[in-house]
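Source: prediction; values computed, not measured. Atoms within each ligand, like the ligands themselves, are counted from 1 in listed order.
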Amino acid sequence: MRVLVTGGAGFIGSNFVLRTLATRTDVDVSVLDAFTYAANPASLLGVDGKEVCEVIRGDIRDAELVERLVQRFDAVVHFAAESHNDNSLVDADPFVSTNVMGTVNLAKACAASDVRLHHVSTDEVFGDLALDDPTRFTTTTPYRPSSPYSASKASADHFVRAWVRSLGLAATISNCSNNYGPRQHPEKFIPRQVCGLIRGRRPRVYGTGDNVRDWIHVDDHNDAVWAILDRGEVGQTYLIGADGERSNLEVVGDILAGFDRSRDDFVHVTDRPGHDRRYAIDPESMEELGWEPRYRDFTAGLAATIEWYRDNEDWWADAYDAAEAGYAQREREL
Ligand code: NAD
Ligand code: TYD
């Protein structure tokens, strides 16, 4: 099977590539990535310093390139996106062009060449839940996105469904909860606090810190994507989650404990405008495919992630400094 991985130099995509190469001898992987600020070329280097697979430097917004390229593959696994909510609040334009138009280009090209598409989306398309709401997101939850990021992902999902129903595209969609693990850009919550602590800086918690996220290890997400590629039904949507609901205060306390610091040794900073309160996934659609998470102990998975960042400062140092320069302009201690 020949698989093209878009966004394969980013967090989840690079973990997908490395895990696929390690576990699937029947699969040939290539990467298409524009290498934006979010990509790290080092994520795709082997111990010999060479790229672990074919890496094509190109943009999913380039319709002609995408059309030409997908013909060589049996399937496209589509991770490429602008992925950070905070950035989408500063400038929504790249979110619209990459997440919406880039996805439409892939849908068109895959439909034209009869190539299977798996579109990787997020639970944020459903908006948020109240902290005391007993329900979780299911495959029938209406879309109610709150940020330009989640609105662009919601729009992309709708376009993929439209191409399946009306234009002959063979696609599946997955909406996953918040991922953690190695190789995540230090602009995101967990690596930002971990890298900051390694640098001797106290964690920054937006607003009260009561907001809840449903954490899943990146390898569990990627195994779920393979379960969908192997056994999923074309036209279906799958919700991926690992029963990992935790408040930001709990997560930051666990990170601090990993550094032998007091659980409340952090600062509250300006809240995110429109900050979603809680996400929670009902993973029934994935359980029906026979998938279940392997990382059930969040504290152990977090400890291994902290270890990875301690061992790989070269990987994150420049990206951390660049992200902090941006945060410094818009964030103040409360
Ligand atoms: P990331 O920001 O770490 O990586 C995105 C990658 O896409 C980067 O390598 C970047 O260079 C590439 N890219 C961006 N624009 C491109 C373009 N126009 N053409 C080609 N490549 C481009 O993102 P991530 O956290 O790995 O997320 C991957 C996917 O998973 C996204 O679609 C995201 O919406 C989805 N998702 C993420 C999470 C999460 O917790 N991180 C959860 C659920 C779903
Ligand atoms: P993030 O990693 O940006 O993911 P998402 O917005 O997709 O959930 O943020 C996770 C949570 O952590 C979210 O509630 C915002 C919060 N947060 C902080 O409290 N401090 C931070 O420095 C960052 C980056 C995020």
For [atom], which protein heavy atom lies nearest, and how many Å away is it?
atom: atom 31 (C) of ligand 1; value: F79 O, 3.2 Å
atom: atom 25 (O) of ligand 1; value: F11 CD2, 3.7 Å
atom: atom 12 (C) of ligand 1; value: D33 OD1, 3.4 Å
atom: atom 35 (C) of ligand 1; value: V120 CG1, 4.0 Å
atom: atom 19 (O) of ligand 2; value: Y206 N, 2.8 Å
atom: atom 4 (O) of ligand 1; value: G10 CA, 3.4 Å
atom: atom 3 (O) of ligand 2; value: R272 NH2, 3.0 Å
atom: atom 22 (O) of ligand 2; value: R192 NH1, 2.7 Å
atom: atom 19 (N) of ligand 1; value: I60 N, 3.0 Å
atom: atom 8 (O) of ligand 2; value: R213 NE, 2.6 Å
atom: atom 20 (N) of ligand 2; value: R204 O, 2.9 Å
atom: atom 10 (C) of ligand 2; value: F189 CB, 3.6 Å
atom: atom 7 (O) of ligand 2; value: E124 OE2, 2.5 Å
atom: atom 4 (O) of ligand 2; value: N178 ND2, 3.4 Å

Flag side-chain contact, heavy atom, 4.5 Å: [X] against [Y]:
X: F73; Y: D28; answer: no
X: D74; Y: R2; answer: yes
X: L89; Y: P273; answer: yes

Geometry only, no angles: is [X] polar-contacting ligand 1 at N/O separations under 3.5 Å?
X: S83; answer: yes
X: N179; answer: yes
X: A34; answer: yes
X: E187; answer: no
X: I12; answer: yes
X: C176; answer: no
X: Y149; answer: yes
X: T98; answer: yes

Please determine whether any non-hydrogen atom of [X] lies less than 4.0 Å from an atom of ligand 1.
X: A9; value: yes
X: R61; value: yes
X: S177; value: yes
X: T6; value: no

May I ask you to check if ligand 2 and N85 share an N or O to N or O distance below 3.5 Å?
-> yes

Any nitrogen or oxygen of Y279, main chain or side chain, under 3.5 Å from a nitrogen or oxygen of ligand 2?
-> no

Which ligand 1 atoms does F35 reach within 4.0 Å, using its non-hydrogen atoms?
-> 11 (O)

Any idea which atoms of ligand 1 are less than 4.0 Å away from a heavy-atom of A39?
-> 9 (O), 11 (O)

Atoms of ligand 2, numbered as shown, that sit under 4.0 Å from any heavy atom of [X]:
X: H275; result: 13 (C), 14 (O), 15 (C)
X: H84; result: 3 (O)
X: V205; result: 19 (O)
X: Y327; result: 24 (C)
X: Q193; result: 20 (N), 21 (C), 22 (O)
X: E187; result: 24 (C)

What do you reckon, are the aromatic ring centroids of F298 and Y180 less than 6.0 Å apart?
-> yes

Closest by any non-hydrogen atom to [atom]: pick that one out of [options].
atom: atom 17 (C) of ligand 1; options: N175, N99, D59, L65; value: D59
atom: atom 16 (C) of ligand 2; options: T270, N248, D214; value: N248
atom: atom 14 (C) of ligand 1; options: A81, A80, G7, G58; value: A81

Below 4.0 Å, non-hydrogen atoms only: which portion of [X] touches ligand 1? Side chain, backbone, both or neither.
X: S121; answer: backbone
X: P94; answer: neither
X: K153; answer: side chain

When the ring planes of [X] and [Y] are compared, do they come out parallel, tilted or perpendicular, using 30° and 60° as the limits?
X: F79; Y: H221; value: perpendicular
X: H268; Y: F266; value: perpendicular
X: Y327; Y: H84; value: perpendicular

Please report the shortest heavy-atom distance between K50 and D48, naming the atom on each side.
-> N-OD1, 2.9 Å

For Y149 and S83 the tightest heavy-atom approach is CE1-CA, 3.6 Å

Listed by chain and number, what are the side-chain hydrogen bond (donor to acceptor under 3.5 Å, both in side chains) partners of D260, not counting sequence neighbours?
-> none

Does R272 make a cation-pi contact with Y206, if we ask for NZ or CZ under 6.0 Å from the ring centre and within 45° of the axis?
-> no

Qualifying residue for side chain to side chain donor-acceptor pair (under 3.5 Å) with H119, from T172, D157, N175 | D157

